[in-house]
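Accompanying notes for the structure given below.
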Amino acid sequence: MDKDNCFYLGTILKAHGVFGELVLKVEIDFFDLLIDELESVFVEIDEQLVPFFISEIDYVNEDTAIVLFDDFVGNKAKEFIGCSVFLPNNLLPGNNSLKPDLAHIKGYQVIDSNLGDIGIVNDILQYSFNYIMQVMKGSNEILIPASEEIINEINDEKKIIRVTTPEGLIDIYIK
């Protein structure tokens with residue numbers, strides 16, 4: 001599995017117990033919606049995503065889970081401390097056609113249909129179920145939802161994103 005087809009779930013913090021359980025620091029706020037459906041995860045080992053099937057998983061609290069992988073030997077658990085854990089993009093709630101394509105738009109110019117040049121996409125942020133374009137115009141940060149309702153066109157050839165932002169949104173950031 002390629003990282004472009006996955007999203008970051010969290011990090012393995014430490015071993016737990018004597019049977020090879022691992023403490024997973026969960027860094028998404030919709031994990032409770034996924035836990036009952038999880039059969040496997042991808043663990044990043046030597047810059048490669050390696051699939052592991054889940055034998056048991058317990059959701060301890062909003063940012064911690066205890067996980068045991070199938071056919072996992074307890075003494076190997078320490079080798080996984082600090083490893084990042086990923087899930088495939090198809091498990092994103094409300095998955096729509098824009099989300100898998102967003103990673104490549106960093107550096108694109110954002111042009112609003114009413115206001116003209118807004119700035120350059122600096123990063124894609126994820127808040128809850130929403131993706132947000134962090135656009136920089138000079139030293140001003142402008143946050144624009146990356147939704148189909150706002151994005152009219154992504155032109156990869158010209159590296160331009162055409163948007164129609166709600167009235168007053170940009171005014172919040174630029175005074």
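FYI, the numbering just counts along the sequence from 1. Since this is a predicted model, take the numbers as computed values, not measurements. Worth knowing before you read on, the calculation uses all heavy atoms, side chains too, and leaves out hydrogens, waters and symmetry mates.
- Between L169 and P145, the shortest heavy-atom contact is CD2-CD, 4.1 Å.
- Of the listed residues (M136, Q134, Q109, K159), just one forms a side chain to side chain contact (heavy atoms under 4.5 Å, CB included) with I120, and that residue is Q109.
- Separating the CD1 atom in I151 from the CD1 atom in I105 is a distance of 5.5 Å, to the nearest 0.5 Å.
- A 4.5 Å side-chain heavy-atom check between V43 and F69 finds at least one atom pair inside the cut-off.
- At least one donor-acceptor pair under 3.5 Å links the side chain of N89 to the backbone N or O of D4.
- In terms of the salt bridge (charged side-chain N to carboxylate O under 4.0 Å, His left out) criterion, residue partners of E153 (sequence neighbours excluded) are, by chain and number, R162.
- Here the side chains of L38 and L91 are in contact, with some heavy-atom distance below 4.5 Å.
- When the side chains of ILVMFWY residues are joined at heavy-atom separations under 4.5 Å, either directly or via intervening members, L13 and L68 end up in two distinct hydrophobic clusters.
- Not counting sequence neighbours, F53 has no partner by the ring-ring contact (aromatic ring centres under 6.0 Å, His included) test.
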- Item | Candidate pair I124 and Y131, rule side chain to side chain contact (heavy atoms under 4.5 Å, CB included), full reasoning | CA-CA 7 Å; I124 303 298; Y131 284 84; 3.7 Å; yes
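- Between atom SG of residue C83 and atom CG of residue L49 there is a gap of 11.0 Å, rounded to the nearest 0.5 Å.
- Note that CG of L125 and CD of E141 are 7.0 Å apart. Values are rounded to the nearest 0.5 Å.
- In this structure, V23 and I66 have side chains that are in contact, with non-hydrogen atoms separated by less than 4.5 Å.
- For NZ of K25, the number of neighbouring non-hydrogen atoms (other residues, nucleotides, ligands) closer than 6.0 Å is greater than 12.
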- Message: I'd like to know whether K137 forms a side chain to side chain contact (heavy atoms under 4.5 Å, CB included) with I170, so could you lay out the CA-CA distance, the side-chain angles of the two residues, the decisive distance to 0.1 Å, and finally the verdict.
- Response: CA-CA 11 Å; K137 181 157 184 118; I170 305 304; over 6 Å; no
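- Atom CD of residue E56 and atom CG of residue D70 lie 9.5 Å apart, to the nearest 0.5 angstrom.
- Minimum interatomic distance between F7 and P88 (heavy atoms only, all atoms of both residues): CE2-O, 3.2 Å.
- Of the inter-residue distances, the one linking D117 atom CG with D112 atom CG reads 10.0 Å to the nearest 0.5 angstrom.
- Residues I150 and P166 come closest through the heavy atom pair CD1-CD, 4.0 Å.
- Side-chain heavy atoms closer than 4.5 Å link hydrophobic residues (I, L, V, M, F, W, Y) into clusters, and following such links, even through other members, never connects V163 to I111.
- Residues forming a side-chain contact (heavy atoms from CB on, under 4.5 Å) with D46 (at least two apart in sequence, or on another chain): none.
- Checked against side-chain hydrogen bond (donor to acceptor under 3.5 Å, both in side chains), E44 has the following partners two or more places apart in sequence or in another chain: K3.
- Atom CG of L87 is separated from atom OH of Y8 by 11.5 Å, given to the nearest 0.5 angstrom.
- With sequence neighbours excluded, the residues satisfying salt bridge (charged side-chain N to carboxylate O under 4.0 Å, His left out) with K106 are D123.
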- Task: Could you please spell out the steps behind the side chain to side chain contact (heavy atoms under 4.5 Å, CB included) verdict for F42 and L9?
- Result: CA-CA 9 Å; F42 294 93; L9 171 62; over 6 Å; no
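- The closest side-chain heavy-atom distance from I161 to Y108 is below 4.5 Å.
- Closest of all the heavy-atom pairs between T164 and S113 is OG1-OG, 2.8 Å.
- Taking F80 as the reference, F52, F72 meet the ring-ring contact (aromatic ring centres under 6.0 Å, His included) condition, with sequence neighbours excluded.
- V50 and I81 fall into different hydrophobic clusters, defined by Ile, Leu, Val, Met, Phe, Trp and Tyr side-chain heavy atoms under 4.5 Å apart, directly or through other members.
- The main-chain N or O of V60 is never found under 3.5 Å from a side-chain atom of D58 such that the two would form a donor-acceptor pair.
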